Amino acid sequence: MNTKEKDLQYIMHTYGRYDVALKSGKGATAFDEDGKRYIDVSSGIGVNSLGYCDEGWIKAVTAQAGTIQHMSNYFYSRQASDLAEKLCTLTGLSKVCFGNSGAEANECAVKTARKYSFDKYGADRNEIVTLKNSFHGRTVTTLSATGQDVFHNFFFPFTGGFAYAEPNSLDSLRATVTDKTCAVLIEVVQGEGGVNILDKSYVKALAEFCAERDILVIVDEVQTGVGRTGKLFAYEHYDIKPDLITAAKGLGGGLPIGVCICGEKAEGVMTPSTHGSTFGANPVVCAGANYVLDTVSDPAFLKGVEEKGAYLEQKLRAIHQVKSVRRLGLMVGIEIDGDAHDIAVKCVQNGLLIITAKDVLRMLPPLTITTEEIDEATEILKSTLEEC
Ligand SMILES: *Cc1c(COP(=O)(O)O)cnc(C)c1O
């Protein structure tokens, strides 16, 4: 059996895959099992933040794998404490909890927010408001947090205590928050929802509204974090300071990690045995993340992300089938005439690995993508759109 046949035989069909088996890569360039070359502007959904097989990242990860590959959370770990220190210093927040994915990071944020409120106000103040069209993960609780009806099916009963407000509407927020609300959870750019960038005035007003009521603001930076939008975290574009941040995807540079970072308010909330994760804070993963964070947090690197994003946007806008471009840094949604999925399939056939979000084409290229690779990617998109 070839790879595709074996996959179809033995792996649950939870994904509609493109007809490609990837084998290797370097930077934003990937190769399939037949040696065919692709430009990858998806980077494993924003995971390979430094591209495929970054030399420094490989060194950090392999050195750690050859030193100590895992210890339980009952012991102290230098890699984990270094990473936590960096995350706190860079955000101005206080404490980190480690897990292995975005959904787990959000679970931790939900638990922290609820316990904060439990400790201070008692058991009844436990509701969390999220936004319509959001995406927060695939566990039963994070599906509940996700403000899209299509995700609230099959797996009943879902976790209770979530309510959904319209994005960019303060009136809707006011109408959805009750005296039982303990937190508001938002993505400042809704990634899976179609690369929808929240209004600056709305996010600022939301943060003020919540602060006045001691409602914690949780920003899900799983997709937007770690340099993706040209700032280390996307909330920095909004002039707010969240009470909790979650990050995952790009943080590990290709290894599974999820972090929940909390500020002063909630720093003492999670006490021994209230939360845990066997693999959380794994030193090999943290070594990779330390390398990613050291690289990405350099202001010159972040400036480069915005410059590349602006260059990519200008190239995209010059394609006449492109109706509009929504972009923050290197997080890009491209509105086109025609079915985004069909076009993405054709792009892949033509050597461009691209993904979709709702009805837009979505690009989350490695933050290290070169100008030449951007040129090549936009050429392939242009010629593919001409075929359609
Ligand atoms: C991908 C994503 C998640 C879920 O992350 P997993 O690692 O797949 O669990 C949560 N929130 C946002 C905003 C995401 O983009």
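Since the structure is predicted, the reported quantities are computational estimates derived from the model, not experimental observations.
- Note on ring orientation: taking the six-membered ring where Trp is involved, the planes of Phe233 and Tyr235 are parallel (angle under 30°, cut-offs 30° and 60°).
- The distance between the ring centers of Tyr164 and Phe162 does not fall below 6.0 angstrom.
- Contact of the Thr29 side chain with the Tyr52 side chain is not registered, since no non-hydrogen atoms from C-beta on lie closer than 4.5 Å.
- Between Asp7 and Lys4 there is no salt bridge, since no side-chain nitrogen of the basic residue lies less than 4.0 Å from a carboxylate oxygen of the acidic one.
- Rounded to the nearest 0.5 Å, atoms CG (Leu22) and NZ (Lys36) are 11.0 Å apart.
- For the pair Arg114 and Tyr121, the cation-pi criterion (under 6.0 Å, within 45° of the ring axis) is not fulfilled.
- Judged by distance alone, the side chains of Asp375 and Tyr311 do bring a donor and an acceptor atom under 3.5 Å apart.
- Note on residues 278-291: pairs passing side chain to side chain donor-acceptor pair (under 3.5 Å), not counting sequence neighbours, are His70-Asn282, Gln79-Asn290, Lys86-Asn290.
- Using a cutoff of 4.0 Å between basic side-chain nitrogens and carboxylate oxygens, Glu192 and Arg362 are scored as salt-bridged.
- Residues Asn350 and Glu387 have side chains that bring a donor and an acceptor to within less than 3.5 angstrom of each other.
- A donor-acceptor contact under 3.5 angstrom links the side chains of Glu33 and Thr3, judged on distance only.
- No side-chain donor-acceptor contact under 3.5 Å links Ser144 and His152.
- His275 has its side chain out of reach of Val269: every pair of non-hydrogen atoms, C-beta onward, lies at least 4.5 Å apart.
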Only pairs under 3.5 Å count here: list side-chain donor-acceptor contacts from residues 122-140, not counting sequence neighbours, and write none if there are none.
| residue | atom | partner | partner atom | Å |
| --- | --- | --- | --- | --- |
| Arg125 | NH1 | Ser117 | OG | 2.8 |
| Arg125 | NH2 | Arg213 | O | 3.0 |
| Arg125 | NH2 | Asp214 | O | 2.9 |
| Asn126 | ND2 | Ala123 | O | 3.0 |
| Glu127 | OE1 | Thr178 | OG1 | 3.2 |
| Thr130 | OG1 | Ala145 | O | 2.7 |
| Lys132 | NZ | Glu166 | OE2 | 3.2 |
| Asn133 | OD1 | Lys358 | NZ | 2.6 |
| Asn133 | ND2 | Gln190 | OE1 | 3.3 |
| Asn133 | ND2 | Gly193 | O | 3.1 |
| Ser134 | OG | Leu131 | O | 2.6 |
| Ser134 | OG | Gly147 | N | 2.8 |
| His136 | ND1 | Asp220 | OD2 | 2.8 |
| Thr139 | OG1 | Glu107 | OE2 | 2.6 |
| Thr139 | OG1 | Thr142 | N | 3.1 |
| Thr139 | OG1 | Thr142 | OG1 | 2.6 |

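- Within the 4.5 Å cutoff, side-chain heavy atoms of Leu381 are placed close to those of Leu385.
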